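Note that this is a predicted model, so its numbers are computed, not measured. Note on naming: letters A, B, ... go to the chains in the order of the sequence lines (proteins, then strands), and numbering restarts at 1 for each one.
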Number of protein chains: 2
Amino acid sequence: MKSSATAQEVARLAQVSQSAVSRTFTPGASVSEDTRNRVLAAAKTLGYRPNALARSLITRRSRIIALVMSYLQNQFYPLVIEKLSQSLQKQGYHVLMFISDLEETDGVLAEILQYQVDGIVMASAMLSPDLARQCAESGVPVVLFNRVPDISAFARHSTSSVTSDNHRGGRMVAELLLARGHRRIAFLAGLEKSSTNLERERGFNEVLEAAGVAVFRRAVGHYSFELAKEATRELFAGPDLPDAVFVANDHMAIAAMDVLRQELGLRVPEDVSVVGFDDVPQASWGAYRLTTVVQSVEDMVEATVELLHEQMREGTHPRNVVIPCRVVERDSVRAAG
Amino acid sequence: MKSSATAQEVARLAQVSQSAVSRTFTPGASVSEDTRNRVLAAAKTLGYRPNALARSLITRRSRIIALVMSYLQNQFYPLVIEKLSQSLQKQGYHVLMFISDLEETDGVLAEILQYQVDGIVMASAMLSPDLARQCAESGVPVVLFNRVPDISAFARHSTSSVTSDNHRGGRMVAELLLARGHRRIAFLAGLEKSSTNLERERGFNEVLEAAGVAVFRRAVGHYSFELAKEATRELFAGPDLPDAVFVANDHMAIAAMDVLRQELGLRVPEDVSVVGFDDVPQASWGAYRLTTVVQSVEDMVEATVELLHEQMREGTHPRNVVIPCRVVERDSVRAAG
DNA sequence: CTGAAAGCGCTTACAG
DNA sequence: CTGAAAGCGCTTACAG
């Protein structure tokens, strides 16, 4: 395995000092046109590429961002990987993936820190609040993606976050369902302690309450496809059925629609209206045409990158950015009248 | 930003040499029980973590594997990220993501090599055959995932690959469709020059030909959801319609089913049978229940990791591993008789 | 088992 | 603009 040439070897061939070759590859460093060309020529014939690891050791910037996720079943997250990775690549950063279950979360942080990452984005509702704090304590910029710092004052003041306006989104869903005349409205929850679920449900409940309508029934799907199916069966057991369900995310909403139609023989939206959250690509597929709340991955990623940069500069305070969201109506909610 | 403690500082606190602290963090190195404990204690109070970058510089192993992909729309690939990342993590390796379009593929390689990755897995049918060669030339182990080296003798002998048995899979689909009495069978192609498409179509055609049945019609969807919709419209235009379609992957097959049912008002499988390839999670969703050829992500990932290890050892030859595949029957192909 | 020393491949003051 | 030199944080022969 021929390892790549070193700056030393390039210097020798180009008849300049090693410093000169380093400068040639450092944007903004001062090298004469002549030296630069000699170096470039030599580099080319030797196939030279600066060793990013050695560079990082001395500059103290690895240009690596850790991305921590716990499950990719929900298509929302692959989209995040794609957009975030592309956006970061354009700026010379790269994404190091960490897949973490709830259990092995502590070890993950240790690994991340060993790589001297320049930042961490935690993009999963399923991560322990503890890990978030640990990261922040390490002094590495952290931005929580699609989740909010836990209630401890410490986390709030040391960690940035970007979420969409889950509370507002929950409200909009309740308003829509009420406007369409629904009164027996069920809620299918995700992970109960996740901030996404908490906020969506809070907004949803507020509006229902204000209208004097109680949540008709409630079950928990933990953001899992299979458990959401179970939860749907619960919701639609008994003689008196809901006439609408708000499901805490699209991934579960699709599971719910499958059960409703295939198992229970109910029609959507004629018998039941269904609303999701996220607007994953599958929500617009012909078989589902799910009415949902759109979270803009693009906007969220953009905010994340900006927050990362902010925190890499000294003396900036963490911020919690909230991205507006909106309802996209398709065919899973019955029409007015 | 408090940067982490160094081995030097730990050594001072523990009253040992820096070599001693290095040894306690190097599995298999010889340290007395006593020194080890002193070092561990000191490390703990200082929150010391070995700097992986500095270590890599000297060991010449970064324990980083580059994963190159070009699109994550097809849910098959997120699964690969998840499984591969988990498997590698267990062995102390990590995945650095590279999202690459067909155009900017050259720059990507340069970036990858700067990070001194220990291996590269190229997991996308959409990558230029050229990039594969470049990687191999750099001397870094490369394994092609779900694609095969191009026809040049050089690539064949320098690059490992893992694919499922696409050729056999294509044959099985043709056999199934023939057995169900279909004679007007269309093919909806993916990227025409990709090895997955080539092999699947070749196997498919072989069996049809042997049975004296010509491919009824053919269109190209380039593995894109939108283009697959277009292609489906082409296939089902005119007075004489196909009674079955083999679609080169599930992602496109779902697009096809949407068009068939929503736009064209055809029933699956009563009017048309549809078969896909991959068995992505969505294929089993209630609204589709797609009959398809399953490629085992687990087996493919396992083989990939093994191949990576093989190539990291000197003196091993690249291999092309072919994973068996099988048909899973659901409800998108009409029953016998 | 242990420490002093060399060195991995780079960047960056420091003099000129 | 340029080179010699120090040093980033580690590992690993080499002597003891």
- Task: Under 4.0 Å from any atom of DNA chain D, heavy atoms only: list the residues of residues 31-41 of chain A that qualify, in numerical order.
- Result: A:Val31, A:Ser32, A:Thr35

Can you find a side chain N or O atom of [X] that sits less than 4.0 Å from OP1 or OP2 on [N]?
X	N	answer
A:Tyr115	D:dG9	no
A:Thr6	C:dG9	no
A:Thr59	C:dT11	no

- Query: Whole-Å distance between C:dG3 C1' and B:Gln8 CD?
  - Reply: 12 Å

Is a side-chain donor-acceptor pair under 3.5 Å present for [Y] with [X]?
X	Y	value
B:Gln311	B:Ser160	yes
B:Ser19	B:Ser22	no
A:Thr163	A:Asn146	no

- Query: Where does DNA chain C pair, written as one dot-bracket string 5' to 3', with Watson-Crick or G-U pairs under 3.5 Å, ( ) inside the strand, [ ] for crossing pairs and | for another strand?
  - Reply: |||.||||||||.|||

- Evaluate the side chain to side chain contact (heavy atoms under 4.5 Å, CB included) criterion for residues B:Tyr223 and B:Asn74: first the C-alpha distance (whole Å), next the side-chain angles of each, then the deciding distance (0.1 Å), finally the verdict. CA-CA 8 Å; B:Tyr223 289 141; B:Asn74 177 353; over 6 Å; no

- Query: A:Tyr48 vs A:Phe25 aromatic rings, parallel, tilted or perpendicular, using cut-offs 30° and 60°?
  - Reply: perpendicular

Could you list, one pair per line, each protein nitrogen or oxygen that sits under 3.5 Å from a nitrogen or oxygen of nucleotides 4-7 of chain C, together with the distance?
from: C:dA4; atom 1: N6; to: B:Ser19; atom 2: OG; distance (Å): 2.8

- Task: Tell me what B:Tyr48 touches on the nucleic acid: a base, only sugar-phosphate, or nothing, going by heavy atoms under 4.0 Å.
- Result: sugar-phosphate

